[in-house]
Asker: 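Right, I'll just put the structure down here and ask away after.
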Amino acid sequence: MTDRPLFLTARINPAGGLQARSIDDAPAGAAELFSPDHWVDLAETARSGRFAAVFLADQPQLRLVSDQLPEYTVDPLLLAAVITSRVPEISVVVTASANYNQPYTLARQFASAHLLSDGRVGWNAVASLDPGVAANFGGPVVDHDHRYERAAEFLDLVHRLFGSWRYPWRTRDGWGEIDPVDWQGRYFAVAGPLNVPLPPYGPPVQVQAGGSPAGVDLAARFADVVYAIAHDRGYAADFRGRLRELAARHGRRDAPLVAPLINPVVVADEAQRQRATDDLVRSGGPIEEQVARLADRLGRRLDGLDLDEPIVIDDLESHRPGRPVPQGVAASLQDLVRRQRPTLKEALAASTTALIDTPERIAAYLIDWWRSGAADGFTINTIAGTDNLRDVVEQVVPLLQDKGVYPRAYPDTNLRANLGLG
C-alpha cells in the first residue's frame, strides 16, 4: 500500500490488446476507428470515472488478418492532441519507440504536446522488437541487449533535452537559463538545447513497460509509471519490490509507480462468469492459433492437451517460440501457470489478463493488490464489442470511492500532480 490513492488508466486501442476481436465488434464497423468522435467518446467515459489517463499503445505498421480489427491505426501523438483539445482534465499517455526516432525530434514533439495541453501528455517509451516495425525503418531487429543499450542512451538524452531550457514562468524575468547538452554518445550526437521550455509542473510523465532484466533496469532509472504484465499478485509484488530496489540503487528518491494491465469483465453471478470465460476464449480466434501463442509464451509444447486438462508446466517439453515474445509477458504467465496449474482453457483466458467477476469482487481484487503492495494502480484494457470500460466506470469505480481509496475529483490539472509525482 502507498500513501497515494489508487489510480486507473485505460488502454483504448481499437482491439484493446485482444487482436483477434472481429471487425463486427467495432462500434459502427471498422471505419469508426478512424473517427475522432470514437476516441473522444472513450476518453470521456474514462474521464467520468476519474481515470488519470488513457493510454495509446503503438506499432507503426499495418497488420491485417482476415476480418480482425487492426490494433494500431492513426499516429497516437496527433490523436493525443485531438483528445486533450476536446476532453478536459484527463491525460493521454502516448507510445513512441526509442529505437526508431531521433531524440531531438521526439523530445520536441512530446515537450510541445505536454506544454500545449497543460501537462496532460505523457510518453510510454518502448524498445521495439517487432520485425514488421523494423522493416519500416530500414533494418532488421537488433539483439535484445543492443536495443536496450541504445534505448538507455536515448532516454538519458531526451530527459536532458526536456530540462535544458528553464524558462522563468513565475517571474517572467528575461528568457531564463539554459543547461548545455552537447551530447556525444555511442549512438547519438546532439548539440541542444531544446527550443521548447520546461513548464513549471515539470517534464512529461515517463512511462515504460519492459519486463526483462534490461527493461526493468531501464524503468528503474527513468520511469515514473510502469505498465506491468502480472497475472498473479505474488509475481506483481515481487516485480514491484525488485523495481523499487533497483530505483534506489540508481539514486532515486521516488520509486516508479506500477500499474498492471487487466481486462475486467463485469458479470452478475458465477453462471455469467463461466459464459463470459467461454465467450472470451471463443472470440480469440481459432483455438489452434491461441494454443500456439500460449505455447510461445510458456516455452512449452501444448500439443494434445485437452481444454479442461490442467497444465503442469514442468512436465511439458520445451518449445522454441515461433515469434518474438516480450520477456516480461512470458515470465509472468509462466509464473501463474506454475503456481496455479490452471486448465488449458483457464490459461488461455488468463493470457489475456482477463478479470471476469462481479463489481464487488473486482473492486476487492483491485484494493487487495493495492493494499498488499502489488500495485499502485491499474491499466484497464478496453475490450472491443463490449461495454467493459463503461461497466468499470459505472459499477466498480463507485465502490472504490465508497471505500475511500479512489478520488472523486481530479486533484490538479496535470498528470504529474494527479499521480502524486514530484
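Atoms considered below: every heavy atom in the structure, side chains included; atoms not considered: hydrogens, waters and symmetry mates.
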Asker: Determine the minimum heavy-atom distance between Ile362 and Val265, stating which atoms define it.
Answerer: CD1-O, 3.9 Å
Asker: Answer yes or no: is there a donor N or O on one side and an acceptor on the other, between the side chain of Arg108 and the main chain of Val196, under 3.5 Å?
Answerer: no
Asker: Determine yes or no for a side-chain-to-main-chain donor-acceptor pair under 3.5 angstrom, with Thr95 supplying the side chain and Leu56 the backbone.
Answerer: yes
Asker: Keeping the roles fixed (side chain from Asn13, backbone from Ala57), state whether a donor-acceptor pair exists under 3.5 Å.
Answerer: yes
Asker: Quick test of your reading of the model: are Arg166 and Asp179 salt-bridged, counting only N-O distances below 4.0 Å?
Answerer: yes
Asker: Look only at the side chain of Gln401 and the backbone of Pro407, and say whether a donor-acceptor pair between them is shorter than 3.5 Å.
Answerer: yes
Asker: Check whether Asp254 reaches the backbone of Asp224 with its side chain - one donor and one acceptor, N or O, closer than 3.5 Å.
Answerer: no
Asker: For the pair Asp368 (side chain) and Ala364 (backbone), establish whether a donor and an acceptor sit closer than 3.5 Å, ignoring hydrogens and angles.
Answerer: no
Asker: Closest approach of Ser318 and Arg301, non-hydrogen atoms and distance?
Answerer: O-CG, 3.6 Å
Asker: Is there a donor-acceptor pair under 3.5 Å between the side chain of Ser91 and the backbone N or O of Val121?
Answerer: no
Asker: Does Arg150 come within less than 4.0 Å of Glu153, counting only side-chain N to carboxylate O?
Answerer: no
Asker: Salt-bridge test for Arg242 and Asp217: reply yes if a basic N is under 4.0 Å from a carboxylate O, no otherwise.
Answerer: no
Asker: Do you know which two heavy atoms are closest between Asn418 and Pro411, and how far apart they sit?
Answerer: OD1-CD, 3.2 Å
Asker: For Phe51 and Ile380, work out which heavy atoms get closest and say how close.
Answerer: CE2-CG1, 3.8 Å
Asker: Kindly indicate, with the supporting measurements, whether the criterion side-chain contact (heavy atoms from CB on, under 4.5 Å) is fulfilled by Tyr406 and Leu366.
Answerer: CA-CA 11 Å; Tyr406 188 82; Leu366 302 183; over 6 Å; no
Asker: Heavy atoms only: give me the nearest His114-Gly202 pair and the separation to one decimal.
Answerer: NE2-O, 2.8 Å
Asker: Looking at Trp175, is its backbone amide N or carbonyl O close enough to the side chain of Trp165 to form a donor-acceptor pair, meaning the two atoms are under 3.5 Å apart?
Answerer: yes
Asker: Quick check against the 3.5 Å criterion: does Arg120 have a side-chain atom that pairs as donor or acceptor with the backbone of Ser117?
Answerer: yes
Asker: Look at the side chain of Asn388 and the backbone N and O of Pro264, then say whether any donor-acceptor pair between them is shorter than 3.5 Å.
Answerer: yes
Asker: Would you say Thr45 and Arg390 are linked by a side-chain donor-acceptor pair, where the criterion is simply a distance under 3.5 Å?
Answerer: yes
Asker: Which heavy atom of Pro200 sits nearest a heavy atom of Trp169, and at what distance?
Answerer: CD-CD1, 3.3 Å
